[in-house]
Structures are given as C-alpha cells and as structure tokens.
Participant: 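Just passing along the structure, written as structure tokens.
Each chain gets a letter, A, B and so on, in the order its sequence line appears, and its residues count up from 1. Keep in mind that the numbers below use all heavy atoms, side chains included, and drop hydrogens, waters and symmetry copies. Here the structure is a predicted model, which is why all the values come from computation and not from measurement.
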Amino acid sequence: MVRADLEDIAPEALEREKHKKREGLRDLPGDTSNVVLRFAPNPNGPLSIGHSRGVVINSGYAEKYDGKIVLRFDDTDTRVKPPLLEAYSWIEEDFEWLSGRGADVIIRASERMPIYLKQAKKMIAEGYGYVCRCEAEEFRKFREGKLDCPCREKKISKNLEEWAEMESGDLVEGTAVVRVKTSMSLPNPALRDWPALRIQHSPHPVVGEKYKVWPLLDFQSAVEDHMQGVTHIIRGKDLMDSTRKQTLLYEHFGWSYPETLYWGRVKVHEFGGFSTSGMSSSISKGEYDGWDDPRLPTLRALRRRGFEPQSLISLWSEIGLTQKDISISMQTLEAFNSKNIDGICERRFFVSEPVRIQIHGENIPSEAKIARHPDGLILGMREWGVKNSIFIQNEDLIQAKLRLKDFADIEINGSNAQIEGEERSDNRPIIHWLPEEISREAKMFVPEGEGIRELAGMIEDFELTIGEVYQFERVGFARLVKINNGVAELVWLHN
RNA sequence: GCUCCUGUGGUGUAGUACGGUCCAUCAUUCCGGGUUUUCAUCCCGGCGACCCGGGUUCAAAUCCCGGCAGGAGCACCA
C-alpha cells in the first residue's frame, strides 16, 4: 500500500543502490573534525607485513580526514620483549616507505616515563590503585575466585610508601606490582584489578637504569593516548579487553575514551608462525641472512624483493577494516604488485641453466633490437651485437624448430642452429636467448620452502642498474641486488 | 572454567542499523577464449557462497531464539 503510493509520488525513492561494492574506507565513528590516530609498535624489530595493515589503515584514515598520526614506540618492557636500539629508526623508515610520509608525531614511551610515573602515583593517592605484594600465582587464585586480595585494603599512605620503595629500587623485581582497583567481582576476569606497573631493574637500551618501575602496555598506552589527544584507536581485536580495562581507568581520571575500532587476526598463508622475537633469534643463529632475507615477512624483505608500497596499500584497502579472522595469500599481494610494476619495469632476458649453441647461416644479422617494454610504456630498444655463439635455456633445447625472439627462426641440431630466416615464418615457439657477448653470469635466489634455491644462469648485460626490478621475459620479475665479482645477483620477486 | 569477537563462493570483500527490487557485489585464484614475436600485461567468458536448526513474516543473507564452528583475552609481554 505504502509502496504503491510511493511509486506514484516518488519512484526514485524506491531505487536502492544495489550490486555496488562500497569503495574505500568506511566512515570513522564519532567526531571526525580533528582526527588523531596512532600506530604503536614494539621496537623489538623492523615492521612486518602484519604491522603494515596498521600503517596503511591509519594513514588511510589520516588522509581521509586530514588528521594526524602519532608513531609511538611502546618500549616499556626490558625483560620479555626488550627493545632493539636500531629498531626505532628501522620502523620510522619502514613507516615512511609504506605510507609515503613520516608520522606527524614520534614518541618513545621510555622518554615519557615521568608522566606515567606521576599518573601512577596520582592513581594510588586517589585510592584507585594499590601496591600488591602477592605473587602472580597467588593473585591468579584471587582473580579466579573473585576474592579480594589482602593488599587491596591497605591504607593509601601505606601504598604510597611502598610505591616510593618501588620507584627507588628498594624492592626487588617480582615482589610488588601496582594494580588498578576495579572490582574483583567483575564478570570478565581480565578486568579484575588489572596490573598497571611492575618492577624491572634491568637496563633499558634508551634510558639505561634510570627507572626501576615500568608501566605495562594497558596503563602506558591509556595515559599516552590521552596525552596525545588521540581520537580514534584502531587495534587488533585481541586488545578488546584492553579497551575495557582502559575505559575503567579513564572513568577514574575523568577522561573520555577514544573511539575504538578493531581488526581481526591475519594469517599470511605463505608465512606461518613468524614472530618478531622468533625472527630475531633465528637471524642471530644464522638461519637467515638478516631482517631483509627474502624468506622473511618483513617490510624490508618485501622492499628488497621489489614490492611497491602501493601494492600493500591496495591489499589492505581491499580487505578493509573487519573483525573477521582472515587468512590471506601472498598471491593476492603479488597480483596487485604485478599490475603496479608491469608498466614500469624494463624487460631483460635471463637464461637459466644456459646451453651454448652456435648459429649458422648465409647472412646472419650482426645485431638484434628488442623493445625495452613491449607496450612502449618505456621507449627505446635494447641493442645487441650478435656473433655466432649464443645461450639458450637448457629446457628450450629439446625443441627442434624455434624462434629466437626478435631475431630469427632457427632449427636446432645438437649444439648447432641453422638460421632459416629473419622473418617469423610460422608459429613455432618463441624463446628468449642471449649472444655470448652480451651475457653476464648471474645467480637468481628463489625462496623455496625453508630454503633458497640458487638458480644459475646468464643475464642480459644491457644497461643494468643495481636495485632495479626487471621483468625477465618468460621467467618473471626479479630485482638486481648487486654485482659481486662480475656475477649479477638477483632476488626473485614473483611471476 | 569465565569474558568477548567473528561466521557470505578456494581466498578476501559488498550488502545486514531501516526484511522485499539479492535467482546476492567486486577483487583474486582456478578453468576456457581473444590480443601479444614473454609462460607478462591487457580484454572477454565461465565455475563457485549467505555455518546449521527452529521461529516471526505475504516476504529473512538481513529480525528473534537455540546450536555448531573458528579466533582472542583472563602475563609482573606488546
């Protein structure tokens, strides 16, 4: 009835935008007039592909709302995940490479300790925090049984006294912790009097032995987000309870908690269980060459192989911000990358497992010209001098009649090839090849399972630039990383 | 055990707040074809999905209830 009326009055009102996929990032909730976002990694290694989601999504929103982004190093643990001094600048570089710009504000939690310590003392003084002397195991029982820990009822003055002992270093590690006094009867056990600061006497790589008490993530992060005026927190949904814990703290301090969004767990099919600390120890054991080893899921490795930052941006934008736990494949990233680089990569030949053959014929052309790029996106030709001796791939040798790309039709007999004509005369297979004079020894490193396969071959020695990604025709994309004793070293990218 | 999150083709995603026009979008993979002196790029076509069971309703991917499955937190890690 209503619908029938509408059809008369305003038929366009019934038109619904269907069959359309939403483009770009979903709108941010809340006040978006002055967006401040943050990206907060632990500086215990360079950024990995997993971190890249945070960089891409946060920078995407910063751009969308003309907001600011804070890069904060959460380096308040010297024991379990100790900071790596070099990692701070690595991360800044990785961030800039990926987002195309530096962060608006860069801070290290370790440099902001006075603020956290002051806030902790305030919390204790106001009776919202207390020094708990229970052992971890002991407290676990109280938490599980919804029982108050005896330390909970201590007088504020006593708590402040013990806090002073913690700060001064008089208390040894493990003998005291500052807890936020929420409630022990909360249905969610994670929120019951959660720990905010603990004693750590081991030196910090940045500030040394200056501090004896260090905040845990939930406390440090909560305080710092407020100090920086963060309006929107985008974090993994494994940190949902952090939001709940921190909200309780904010309520106590009379602050208002930022809008919070979450993403789910991401697994990259090709990279099973890599953790920053795991990679770190594998590298020091010599199992990998370094953080940019092509088998590693670090941004440095992807960069070294030849991935463009735009490809990561496309990937994460396509995935968007969802709370689903997902499992993605490098194939998807590679598809984006192929599209991004195909038009800008010069073509070259790489003859793997080369076989030398002699070419014979009446009038062998003395030179060959092959386009730098087949679609003319890059102008110009690769020009070679040609004599009798050439290399072709061992696997191409089995064919009898072949065409040497952009050169001549041939027929192979043993290790000799007869030229049948320069023009293409039929649709015999076309292979890539190299005159001996233009060939340079090369090694291509192809990650394969746990190891790296070293593919020996000859690379076309025509205007090679170190650091450049080339598309090797009929082979795939690879990056020229160096020329070592005359041997070109290539790192495989993808097909 | 307690608390929480998520379930749309092989993978990822749109649609779900306001139920219909959704025989369900787009990307990627895969399959087939076209262009191409690369097994690249590009173009065309195809296969393929609403976790299950009830309920409400003329009508459910969408609302309700109950299952099931996957993931996370309950660290003196981040």
Participant: Checking all strands, does Leu217(A) fall into the base, sugar-phosphate, or nothing category for heavy-atom contacts under 4.0 angstrom?
Facilitator: base
Participant: Between rU8(B) and Lys324(A), is there an OP1 or OP2 to side-chain N/O distance shorter than 4.0 Å?
Facilitator: yes
Participant: Contact class for Arg26(A) (heavy atom, under 4.0 Å): base, sugar-phosphate, or nothing?
Facilitator: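 Here Arg26(A) touches the backbone only, sparing every base.
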Participant: Using a 4.0 Å heavy-atom cut-off, does Gly174(A) contact any base of the nucleic acid, only the sugar-phosphate backbone, or nothing at all?
Facilitator: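 Base contact.
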Participant: Quick test: give all pairs of protein nitrogen or oxygen and nucleotides 69-71 of chain B nitrogen or oxygen below 3.5 Å, distance rounded to 0.1 Å.
Facilitator:
from, atom 1, to, atom 2, distance (Å)
rG71(B), O4', Asp325(A), OD2, 3.3
rG71(B), O2', Asp325(A), OD2, 3.1

Participant: Across the strands shown, which category fits Ser221(A) at heavy-atom distances under 4.0 angstrom: base, sugar-phosphate, nothing?
Facilitator: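 Counting heavy atoms under 4.0 Å across all strands, no contact is made by Ser221(A).
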Participant: Under 4.0 Å between a side-chain nitrogen and a carboxylate oxygen: does that hold for Glu167(A) and Lys212(A)?
Facilitator: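 No, Glu167(A) and Lys212(A) are not salt-bridged.
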Participant: Compare the minimum distances between each of rC5(B), rU13(B), rC77(B) and the side chain of Val80(A), then state the nucleotide with the smallest one.
Facilitator: rC77(B)
Participant: Among all residues two or more places apart in sequence or in another chain, which pass the ring-ring contact (aromatic ring centres under 6.0 Å, His included) test with Tyr128(A)?
Facilitator: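 For Tyr128(A), the residues satisfying ring-ring contact (aromatic ring centres under 6.0 Å, His included) (neighbours in sequence not counted) are His252(A).
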Participant: Tell me, please, which residues at least two apart from Glu395(A) pass salt bridge (Lys or Arg N to Asp or Glu O under 4.0 Å).
Facilitator: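 Partners of Glu395(A) by the salt bridge (Lys or Arg N to Asp or Glu O under 4.0 Å) criterion come out as none, since no residue qualifies.
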Participant: Per the salt bridge (Lys or Arg N to Asp or Glu O under 4.0 Å) rule, what does the pair list look like for residues 178-207 of chain A, sequence neighbours excluded?
Facilitator: Asp77(A)-Arg198(A), Arg152(A)-Asp193(A)
Participant: Kindly give the heavy-atom pair with the smallest separation between Pro82(A) and Asn44(A), and that separation in Å.
Facilitator: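 Smallest heavy-atom distance, with atoms named: O-CB, 3.4 Å.
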Participant: Do any side-chain nitrogens or oxygens of Arg198(A) fall under 4.0 Å of OP1 or OP2 in rC77(B)?
Facilitator: yes
Participant: Using atom CG of Leu248(A) as one end and atom C1' of rU3(B) as the other, report the distance to the nearest whole Å.
Facilitator: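 Leu248(A) atom CG is separated from rU3(B) atom C1' by 13 Å.
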Participant: We want to know whether Gln228(A) and Glu224(A) form a side-chain donor-acceptor pair, criterion being a heavy-atom distance below 3.5 angstrom.
Facilitator: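 Side chains of Gln228(A) and Glu224(A): pair found under 3.5 Å.
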Participant: Which residues satisfy the salt bridge (Lys or Arg N to Asp or Glu O under 4.0 Å) test with Arg265(A), sequence neighbours excluded?
Facilitator: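 For Arg265(A), no residue satisfies salt bridge (Lys or Arg N to Asp or Glu O under 4.0 Å) once neighbours in sequence are set aside.
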Participant: List in chain and number order the residues that pass ring-ring contact (aromatic ring centres under 6.0 Å, His included) with Trp492(A), two or more places apart in sequence or in another chain; answer none if no residue qualifies.
Facilitator: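 Checked Trp492(A) against ring-ring contact (aromatic ring centres under 6.0 Å, His included); zero matches.
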Participant: Between atom CD1 in Ile378(A) and atom P in rA40(B), what is the gap in whole Å?
Facilitator: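 Going from Ile378(A) (CD1) to rA40(B) (P), I get 18 Å.
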Participant: For Ala335(A), report the nucleic acid contact type (base, sugar-phosphate, nothing); a contact means any heavy atom under 4.0 Å.
Facilitator: sugar-phosphate
Participant: Does Thr76(A) reach a base, just sugar-phosphate, or nothing at all? Heavy atoms under 4.0 Å.
Facilitator: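 Sugar-phosphate, no base atom in range.
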Participant: Consider the side chain of Phe336(A), meaning its heavy atoms from C-beta on, and name the nucleotide among rC5(B), rA27(B), rC77(B) that approaches it most closely.
Facilitator: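 Taking heavy atoms from C-beta onward, the closest nucleotide is rA27(B).
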Participant: For Asn337(A) and rU28(B), what is the distance between atoms CG and P respectively, to the nearest whole Å?
Facilitator: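 So the two atoms are 14 Å apart, to the nearest Å.
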Participant: Is Ile370(A) touching bases, backbone alone, or none of the nucleic acid, heavy atoms closer than 4.0 Å?
Facilitator: nothing
Participant: Report the residues that fulfil salt bridge (Lys or Arg N to Asp or Glu O under 4.0 Å) with Arg79(A), sequence neighbours left out, ordered by chain and then residue number.
Facilitator: Glu173(A)
Participant: Quick one: Leu239(A) CG to rC77(B) P, roughly how many Å, whole number?
Facilitator: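 Between P of rC77(B) and CG of Leu239(A): 15 Å.
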Participant: Is the glycosidic angle of rA17(B) within 90° of 0, making it syn, or outside that range, making it anti?
Facilitator: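 Judged by the O4'-C1' to base torsion, rA17(B) sits in syn, the angle falling within 90° of 0.
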Participant: Which nucleotide in the set rA27(B), rU28(B), rA78(B) lies at the smallest distance from any side-chain heavy atom of Glu318(A)?
Facilitator: rA27(B)
Participant: Does anything in residues 38-50 of chain A reach RNA chain B, meaning a heavy atom under 4.0 Å, and if so which residues?
Facilitator: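 When residues 38-50 of chain A is checked for heavy atoms under 4.0 Å from RNA chain B, the hits, listed by number, are Asn42(A).
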Participant: Enumerate the protein-to-nucleotides 34-39 of chain B contacts in which both atoms are nitrogen or oxygen and the separation is below 3.5 Å.
Facilitator:
from, atom 1, to, atom 2, distance (Å)
rU37(B), O4', Arg424(A), NH1, 3.4
rU37(B), O2', Lys405(A), NZ, 3.4
rU37(B), O2, Arg403(A), NE, 3.2
rU37(B), O2, Asp406(A), N, 2.8
rU37(B), N3, Arg403(A), NE, 2.8
rU37(B), N3, Arg403(A), NH2, 2.9
rU37(B), O4, Arg403(A), NH2, 2.7
rU38(B), O2, Gln471(A), OE1, 3.3
rU38(B), O2, Arg474(A), N, 3.2
rU38(B), N3, Gln471(A), OE1, 2.8
rU38(B), O4, Arg347(A), NH1, 2.3
rC39(B), N4, Arg474(A), NH1, 2.3
rC39(B), N4, Arg474(A), NH2, 3.4

Participant: Using salt bridge (Lys or Arg N to Asp or Glu O under 4.0 Å) as the criterion, list what pairs up with Asp409(A), not counting sequence neighbours.
Facilitator: Arg403(A), Arg428(A)
Participant: CG of Asp193(A) versus P of rC2(B): gap in Å, rounded?
Facilitator: 21 Å
Participant: Closest nucleotide of RNA chain B for Pro189(A) versus for Thr322(A): which of these residues is on the 5' side?
Facilitator: Pro189(A)
Participant: Excluding sequence neighbours, so at least two apart, what forms ring-ring contact (aromatic ring centres under 6.0 Å, His included) with Tyr61(A)?
Facilitator: none
Participant: What is the distance, to the nearest angstrom, from the CG atom on Asp218(A) to the C1' atom on rC76(B)?
Facilitator: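 To the nearest whole Å, that distance equals 13 Å.
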Participant: Under 6.0 Å from the NZ atom of Lys146(A), do we count more than 12 heavy atoms belonging to anything else shown?
Facilitator: yes
Participant: With both distances under 3.5 Å as the test, what is the Watson-Crick or G-U wobble partner of rC63(B)?
Facilitator: rG55(B)
Participant: Just to verify, what does Phe73(A) make a ring-ring contact (aromatic ring centres under 6.0 Å, His included) with, not counting sequence neighbours?
Facilitator: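 For Phe73(A) the ring-ring contact (aromatic ring centres under 6.0 Å, His included) partners, ignoring immediate neighbours, are Tyr88(A).
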